[in-house]
Amino acid sequence: MRSGREALREVLQREFAVILLDVNMPDIDGFETATLIRQYKRSVDTPIIFITSYADEMQTERGYALGAVDYILSPVVPHILRSKVRVFVRLFAMQRQLRRQADARAAVAAAEAARVAAEDSDRRSAFLASASHVLNSSLQAAVSRRDLARLLVPTLATMAVVVGSDDIDRQPDVVLASDGEVRELPWPALDGSVRVALRRAIKDRTRVNLDEMLLSALEEAVQEPSAAGPATRPRDGRPWQRAAALPLINGDRLLGALFVASDGSDHLVDWRVLDDLAARAAAALENATLYGSLQSEIVERRAAEMELQEAGRRKDEFLAMLSHELRNPLAPVRTALEVIRRIAPPDPKLNRASEIMVRQVQQMTRLIDELLDVARISQGKIVLTREKVDLNAVIAHSVETAQPLIDSRGQTLQVVPLAEPVWLQGDFARLAQILSNLLNNASKYSERGTTVALHASRDGSGAVIRVRDQGIGIDAHLLPRIFDLFTQGARGLDRAQGGLGVGLTLARRLAEMHGGQLQAASEGVGKGSEFTLRLPGVGLITTGEAAPVPHEQSAPPACRVLVVDDNRDAAQSVASFLELSGHEVRTAADGGEALVAAELFAPDVVVLDIGLPVLDGYEVARRLRQTSIGKAALLLALTGYGQREDRQNAEAAGFDHHFVKPADPMVLLNCIDGWLRDRVESAGERSSA
């Protein structure tokens with residue numbers, strides 16, 4: 001280089017073994033150049049040899065102060081320069097060799113450290129993966145806690161304790177693993193230092209590393225003979241080297257804590273996995289806890305469902321018993337009213353009073369029947385009696401049933417029947433019950449003087465009957481639930497509409513049993529409502545046939561009738577009514593008395609209650625059928641038990657007919673009269689033959 005600037009440029013770009021620097025150079029002399037060279041990190045220790053033609057003491061001192069290693073006077077002797085430069089070149093080469101060797105050793109050490117770190121990471125990952133599999137293999141919290149303790153010893157620690165509750169004050173049982181054994185211990189059996197560490201971990205929700213003081217206290221404690229000593233003593237009597245307590249937290253929920261301690265033994269996995277393991281254990285315990293809660297809820301729900309079913313069964317039994325108990329007093333009232341109406345002198349006031357009583361008895365009977373019908377349908381105990389039914393006849397019967405209520409409220413009933421006779425397969429009584437309920441509802445929830453309309457028509461799928469009123473209407477929020485059991489619209493304290501809220505429920509269920517639909521519609525409160533009954537076309541027959549007209553029948557002969565009922569009023573009222581028709585009647589109050597009376601009285605007809613003292617009605621019927629008198633007699637069950645099973649039991653016991661209290665006395669009388677006519681006709685046919 002010819003100048004100091006060029007020398008500086010080269011020093012910046014390359015590394016030199018030695019620098020030969022002339023003291024006297026243009027622009028920048030050798031000393032200034034050396035000063036600048038020493039400012040660069042790469043050349044701060046590079047040997048510098050000054051070349052000068054003159055060197056006094058001051059100049060020499062200045063050169064050495066700048067890091068010069070030698071001075072060479074010019075003119076330069078070549079072999080001397082080569083000798084001095086060779087030394088520094090060899091030294092530079094040796095330094096580079098040593099640096100390369102050091103870099104190689106560092107690289108090997110780094111590779112080895114990376115390999116060890118990778119193997120350690122693989123072990124941690126494999127351990128955590130295996131731990132997750134083990135911890136999640138069971139959905140029982142107790143099993144998960146034992147699995148966690150078994151995972152910790154001896155893989156991570158010499159001793160481990162798992163507490164499965166965040167409420168230490170309840171002194172829960174803990175799981176302890178040590179010396180290859182996993183067992184459960186009571187909380188007080190743990191060493192005090194362990195309990196302190198677990199309490200702090202749970203309270204502070206953070207990891208607690210036991211310091212030397214606590215480790216010393218723990219070591220001293222386990223050396224003392226105590227109940228807890230063997231459970232927490234280090235293996236082979238070696239002192240604890242480290243210990244820690246960690247909370248088991250999943251999200252923001254605390255599920256317990258774990259304590260681990262090591263006596264310095266070599267473990268397969270280091271403690272850096274403890275936090276990850278605690279998090280995974282908390283998640284597994286959370287899943288197990290949730291599963292346990294779900295199982296408990298399922299068990300509780302099943303128990304609740306069973307209780308509801310049992311309550312429903314008891315409710316149905318109660319309704320059946322209630323109906324029986326209510327029907328018993330109604331039966332003599334209704335029969336006595338018929339007796340009064342037959343023998344009372346013609347008096348408008350008396351007739352009006354008797355009509356009021358008859359209507360009220362019928363209303364009570366209807367309410368009882370509706371309650372029972374709903375219970376029967378819910379239990380599947382109603383069986384439809386399907387027959388060929390004239391739909392117009394059903395409408396006429398329903399109108400006849402509802403007309404008294406409509407008339408009493410000063411309302412007008414507009415009826416548009418089917419234009420031509422339409423017959424379908426159905427239960428006449430139940431179809432009439434549907435329409436009667438709709439008409440009664442329309443009348444009850446309409447003001448006096450309004451109009452109730454019934455319109456029947458046919459469409460492509462069957463028959464459609466609409467009942468429209470001008471009443472209070474249905475609120476929009478109530479409309480979707482109008483057919484629910486015991487659901488009614490708002491009403492005042494006067495309870496003017498009455499009812500139990502079961503009529504519409506019963507009507508819809510009966511319609512569905514016929515394969516039809518019952519729908520409600522209303523434009524809102526005060527705008528009336530419309531109920532639409534649709535009956536399917538399956539089995540629908542259109543014909544010009546008319547229903548058969550009954551022929552005139554002659555009056556039946558009188559006969560002997562035995563009435564058996566433990567309710568003397570009921571027995572006496574039926575007896576009085578039948579006596580008015582010319583029959584000879586006797587009464588009995590229990591089953592034993594009935595058998596004796598039948599043997600002495602030889603009745604043609606026996607009207608028999610079921611719930612009798614001494615012998616029930618079924619047993620009395622069976623014994624009567626075994627006698628010559630009972631074989632030919634007409635046995636009529638008149639009882640408050642009206643379930644399907646009751647009818648089947650009555651038929652199996654030998655009864656000819658089954659009437660439910662309070663039965664219409666005229667229906668009972670017509671049944672007896674019809675049987676007597678058939679018997680007379682049969683006797684005449686045998687005599688003519």
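Closest heavy-atom contact between L638 and K661: O-CE, 3.4 Å. Listed here is the closest heavy atom pair of I629 and P603: CG2-O, 3.9 Å. Nearest heavy-atom pair across A571 and T587 is O-CG2, 4.0 Å. Here the closest heavy-atom approach between residue L518 and residue R508 is recorded as O-NH2, 3.1 Å. Nearest heavy atoms, A632 versus W675: O-CZ2, 3.5 Å. Between N392 and P417, the closest heavy-atom pair is OD1-CB, 3.4 Å.
Taken from CG in D604 to CG in L634, the straight-line distance is 9.5 Å, to the nearest 0.5 Å. Taking CG of L510 as the start and CZ of R430 as the end, the distance is 6.0 Å to the nearest 0.5 Å. Here the CG atom belonging to L636 is positioned 11.0 Å from the NE2 atom belonging to H658, to the nearest 0.5 angstrom. Interatomic distance, CD1 of I340 versus OG1 of T335, reported as 11.0 Å (0.5 Å rounding). Note that the CZ atom of R586 and the CG atom of L562 stand 9.5 Å from one another [nearest 0.5 Å].
In this structure, the side chains of L533 and I434 come closer than 4.5 Å at one or more pairs of heavy atoms. Residues L504 and L438 meet the side-chain proximity criterion, which asks for heavy atoms closer than 4.5 Å. Residues I672 and H657 have side chains not in contact (no heavy-atom distance under 4.5 Å, counting atoms from C-beta outward). Looking at M513 and D427, their side chains never come closer than 4.5 Å, going by heavy atoms from C-beta outward.
Counted within 6.0 Å of CD on E599, heavy atoms from surrounding residues, nucleotides or ligands total 12 or fewer; the atom is thus considered open. Surrounding CD of Q648 are more than 12 heavy atoms belonging to other residues, nucleotides or ligands, all under 6.0 Å away.
Applying the side chain to side chain contact (heavy atoms under 4.5 Å, CB included) test to E579 and every residue at least two apart in sequence or in another chain returns V585. Qualifying ring-ring contact (aromatic ring centres under 6.0 Å, His included) partners for F428, counting only residues two or more places apart in sequence or in other chains: H397. Partners of D664 by side chain to side chain contact (heavy atoms under 4.5 Å, CB included), not counting sequence neighbours, listed by chain and number: R334, M666, V667.
Among pairs with a residue in residues 623-633, those fulfilling side chain to side chain donor-acceptor pair (under 3.5 Å) read E619-R623, R625-D656, at least two apart in sequence or across chains. The side chain to side chain donor-acceptor pair (under 3.5 Å) analysis of residues 292-302, with sequence neighbours excluded, yields no pairs. Within the structure, every pair that satisfies the side chain to side chain donor-acceptor pair (under 3.5 Å) test and touches residues 511-530, not counting sequence neighbours, is listed here: D469-S529.
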Original post:
Does the pair R647 and T639 meet the rule for a side chain to side chain contact (heavy atoms under 4.5 Å, CB included), with working shown?
Top reply: CA-CA 10 Å; R647 297 179 183 274; T639 176; over 6 Å; no
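The main-chain N or O of A419 is never found under 3.5 Å from a side-chain atom of R458 such that the two would form a donor-acceptor pair.
For the side chain to side chain contact (heavy atoms under 4.5 Å, CB included) criterion with V394, the lone passing option out of L535, L435, I465 is L435.
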